Amino acid sequence: MLINADILIGTLQSYRLCWISGRFGGGKTSVCYKLAEYFLRDGYRLLTNNRSVWADPYDSVQLDEGGQLHSVVLIDEGGLYFKHSRQMEMIASYAAKMDCIYLIPSFWPPTRAGYRDWE
(Lines give C-alpha, C1' and ligand atoms only; values in the text may rest on other atoms or scores of the structure.)
Protein backbone atom coordinates (compact mmCIF):
# COMPACT_ATOMS: atom_id res chain seq x y z
CA MET A 1 0.00 0.00 0.00
CA LEU A 2 1.27 3.49 -0.77
CA ILE A 3 2.34 5.75 2.09
CA ASN A 4 -0.45 8.23 1.34
CA ALA A 5 -2.97 5.37 1.34
CA ASP A 6 -1.72 4.32 4.80
CA ILE A 7 -2.35 7.84 6.07
CA LEU A 8 -5.83 7.85 4.53
CA ILE A 9 -6.72 4.44 6.00
CA GLY A 10 -5.39 5.52 9.42
CA THR A 11 -7.50 8.66 9.33
CA LEU A 12 -10.53 6.66 8.28
CA GLN A 13 -9.97 4.21 11.14
CA SER A 14 -9.85 7.14 13.57
CA TYR A 15 -12.84 9.13 12.32
CA ARG A 16 -14.86 6.20 10.87
CA LEU A 17 -16.87 8.54 8.65
CA CYS A 18 -15.84 9.83 5.24
CA TRP A 19 -17.74 11.93 2.71
CA ILE A 20 -16.16 11.94 -0.76
CA SER A 21 -17.41 14.69 -3.02
CA GLY A 22 -16.99 15.19 -6.73
CA ARG A 23 -18.77 15.56 -10.01
CA PHE A 24 -21.26 12.99 -11.26
CA GLY A 25 -19.45 10.02 -12.80
CA GLY A 26 -16.13 11.14 -11.32
CA GLY A 27 -15.29 7.84 -9.60
CA LYS A 28 -16.37 8.64 -6.01
CA THR A 29 -18.07 5.29 -5.50
CA SER A 30 -15.13 3.42 -7.04
CA VAL A 31 -12.76 5.14 -4.60
CA CYS A 32 -15.04 4.13 -1.73
CA TYR A 33 -15.04 0.50 -2.87
CA LYS A 34 -11.24 0.61 -2.99
CA LEU A 35 -11.17 1.98 0.56
CA ALA A 36 -13.68 -0.66 1.67
CA GLU A 37 -11.46 -3.39 0.22
CA TYR A 38 -8.86 -2.77 2.92
CA PHE A 39 -11.43 -3.39 5.67
CA LEU A 40 -13.07 -6.34 3.89
CA ARG A 41 -9.69 -8.10 3.89
CA ASP A 42 -9.65 -7.57 7.65
CA GLY A 43 -12.98 -9.39 8.10
CA TYR A 44 -15.43 -6.51 7.88
CA ARG A 45 -18.70 -7.01 6.01
CA LEU A 46 -20.01 -4.62 3.38
CA LEU A 47 -23.46 -3.06 3.54
CA THR A 48 -24.45 -0.80 0.67
CA ASN A 49 -27.50 0.69 -0.98
CA ASN A 50 -26.34 -0.24 -4.47
CA ARG A 51 -25.75 -3.58 -6.15
CA SER A 52 -22.37 -5.09 -5.46
CA VAL A 53 -20.93 -8.58 -5.66
CA TRP A 54 -18.97 -7.80 -2.47
CA ALA A 55 -22.01 -6.76 -0.41
CA ASP A 56 -23.52 -8.97 2.24
CA PRO A 57 -27.30 -9.53 2.09
CA TYR A 58 -28.96 -7.39 4.76
CA ASP A 59 -30.81 -10.33 6.28
CA SER A 60 -27.57 -12.28 6.84
CA VAL A 61 -25.81 -9.54 8.81
CA GLN A 62 -25.90 -9.97 12.55
CA LEU A 63 -23.99 -8.56 15.50
CA ASP A 64 -20.86 -10.46 16.49
CA GLU A 65 -20.25 -11.95 19.96
CA GLY A 66 -19.15 -8.55 21.25
CA GLY A 67 -22.36 -6.90 20.09
CA GLN A 68 -20.70 -5.07 17.22
CA LEU A 69 -21.71 -4.85 13.57
CA HIS A 70 -18.10 -4.89 12.25
CA SER A 71 -19.09 -3.53 8.82
CA VAL A 72 -18.26 -1.01 6.16
CA VAL A 73 -21.43 0.92 5.34
CA LEU A 74 -21.22 2.49 1.88
CA ILE A 75 -24.13 4.85 1.23
CA ASP A 76 -23.95 5.83 -2.43
CA GLU A 77 -25.20 9.39 -3.01
CA GLY A 78 -25.66 9.57 0.75
CA GLY A 79 -26.00 13.34 0.62
CA LEU A 80 -29.53 12.77 -0.65
CA TYR A 81 -30.49 10.82 2.47
CA PHE A 82 -29.21 12.97 5.33
CA LYS A 83 -31.19 16.18 5.72
CA HIS A 84 -30.14 17.32 9.21
CA SER A 85 -26.75 17.52 10.88
CA ARG A 86 -28.26 15.63 13.84
CA GLN A 87 -28.60 12.54 11.62
CA MET A 88 -24.89 12.67 10.83
CA GLU A 89 -24.05 13.14 14.49
CA MET A 90 -26.09 10.08 15.37
CA ILE A 91 -24.37 7.72 12.93
CA ALA A 92 -20.97 9.17 13.81
CA SER A 93 -21.56 8.49 17.50
CA TYR A 94 -22.37 4.84 16.80
CA ALA A 95 -19.55 4.20 14.34
CA ALA A 96 -16.94 3.29 16.94
CA LYS A 97 -19.41 1.54 19.27
CA MET A 98 -20.61 -0.73 16.48
CA ASP A 99 -17.17 -0.99 14.80
CA CYS A 100 -18.43 0.48 11.53
CA ILE A 101 -16.80 2.54 8.81
CA TYR A 102 -19.18 4.86 6.93
CA LEU A 103 -18.27 5.84 3.38
CA ILE A 104 -20.51 8.40 1.71
CA PRO A 105 -19.70 9.14 -1.93
CA SER A 106 -22.04 11.93 -2.98
CA PHE A 107 -22.15 14.98 -5.19
CA TRP A 108 -24.38 16.59 -2.57
CA PRO A 109 -22.93 17.09 0.90
CA PRO A 110 -24.66 15.32 3.75
CA THR A 111 -26.99 17.78 5.48
CA ARG A 112 -27.01 20.53 2.87
CA ALA A 113 -28.97 22.65 5.35
CA GLY A 114 -26.00 22.45 7.72
CA TYR A 115 -23.34 22.69 4.98
CA ARG A 116 -21.45 25.40 6.86
CA ASP A 117 -20.80 22.80 9.59
CA TRP A 118 -18.61 20.89 7.12
CA GLU A 119 -16.56 23.86 5.89
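It should be emphasised that the depicted structure is a prediction, and the values quoted were computed from it without experimental measurement.
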* Stepwise side chain to side chain contact (heavy atoms under 4.5 Å, CB included) check, Q13 with F39 -> CA-CA 9 Å; Q13 286 172 320; F39 295 98; 3.6 Å; yes
* Please lay out, stage by stage, how I104 and M88 fare under the test side chain to side chain contact (heavy atoms under 4.5 Å, CB included). => CA-CA 11 Å; I104 305 171; M88 293 304 296; 3.7 Å; yes
* Quick one: does S71's side chain have a donor or acceptor within less than 3.5 Å of a partner on L69's backbone? ->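 A pair under 3.5 Å: yes.
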Euclidean distance, [Y] [atom2] relative to [X] [atom1], rounded to 0.5 Å:
{"X": "I75", "Y": "W19", "atom1": "CD1", "atom2": "CH2", "answer": "14.5 Å"}
{"X": "I91", "Y": "Y102", "atom1": "CD1", "atom2": "OH", "answer": "5.5 Å"}
{"X": "R41", "Y": "E37", "atom1": "CZ", "atom2": "CD", "answer": "4.0 Å"}
{"X": "I101", "Y": "L40", "atom1": "CD1", "atom2": "CG", "answer": "11.0 Å"}
{"X": "S52", "Y": "N49", "atom1": "OG", "atom2": "CG", "answer": "11.0 Å"}

* Just say parallel, tilted or perpendicular for the rings of F107 and F24, cut-offs at 30° and 60°. =>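 Rings of F107 and F24: parallel, as their planes differ by under 30°.
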Counting C-beta onward and ignoring hydrogens, is there a side-chain heavy-atom pair between [X] and [Y] closer than 4.5 Å?
{"X": "V72", "Y": "C100", "result": "no"}
{"X": "T48", "Y": "W54", "result": "no"}
{"X": "V73", "Y": "L103", "result": "no"}
{"X": "L35", "Y": "L8", "result": "yes"}
{"X": "V31", "Y": "P105", "result": "no"}

* Asked: Among all residues two or more places apart in sequence or in another chain, which pass the side-chain hydrogen bond (donor to acceptor under 3.5 Å, both in side chains) test with R45?
  ->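 With sequence neighbours excluded, R45 shows a side-chain hydrogen bond (donor to acceptor under 3.5 Å, both in side chains) to no residue whatsoever.
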* Cluster link V61 to Y94, ILVMFWY, side chain under 4.5 Å ->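 Yes; Y94 is reachable from V61 via cluster members.
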* Asked: Do I9 and Y15 sit in the same hydrophobic cluster, where Ile, Leu, Val, Met, Phe, Trp and Tyr count as joined when their side-chain heavy atoms come under 4.5 Å apart?
  ->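 Result: no, two separate clusters.
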* Asked: Between D56 and Y44, do the side chains contain an N or O donor and an N or O acceptor separated by less than 3.5 Å?
  ->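 Y44 and D56 do not have a side-chain donor-acceptor pair below 3.5 Å.
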* Side-chain donor-acceptor pair present, H70, D64, cut-off under 3.5 Å ->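 Per modelled atom types, H70 and D64 side chains form no pair under 3.5 Å.
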* **Side-chain ion pair, K28 and D76, N-O less than 4.0 Å** =>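 No salt bridge links K28 with D76.
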* **Over all atoms of both residues, closest heavy-atom pair of Q68 and M98** =>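 Looking at all heavy atoms of both residues, the closest pair is CB-O, 3.6 Å.
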* Under the salt bridge (Lys or Arg N to Asp or Glu O under 4.0 Å) test, residues paired with K97 that sit two or more places apart ->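 Listed in chain order: nothing, the list is empty.
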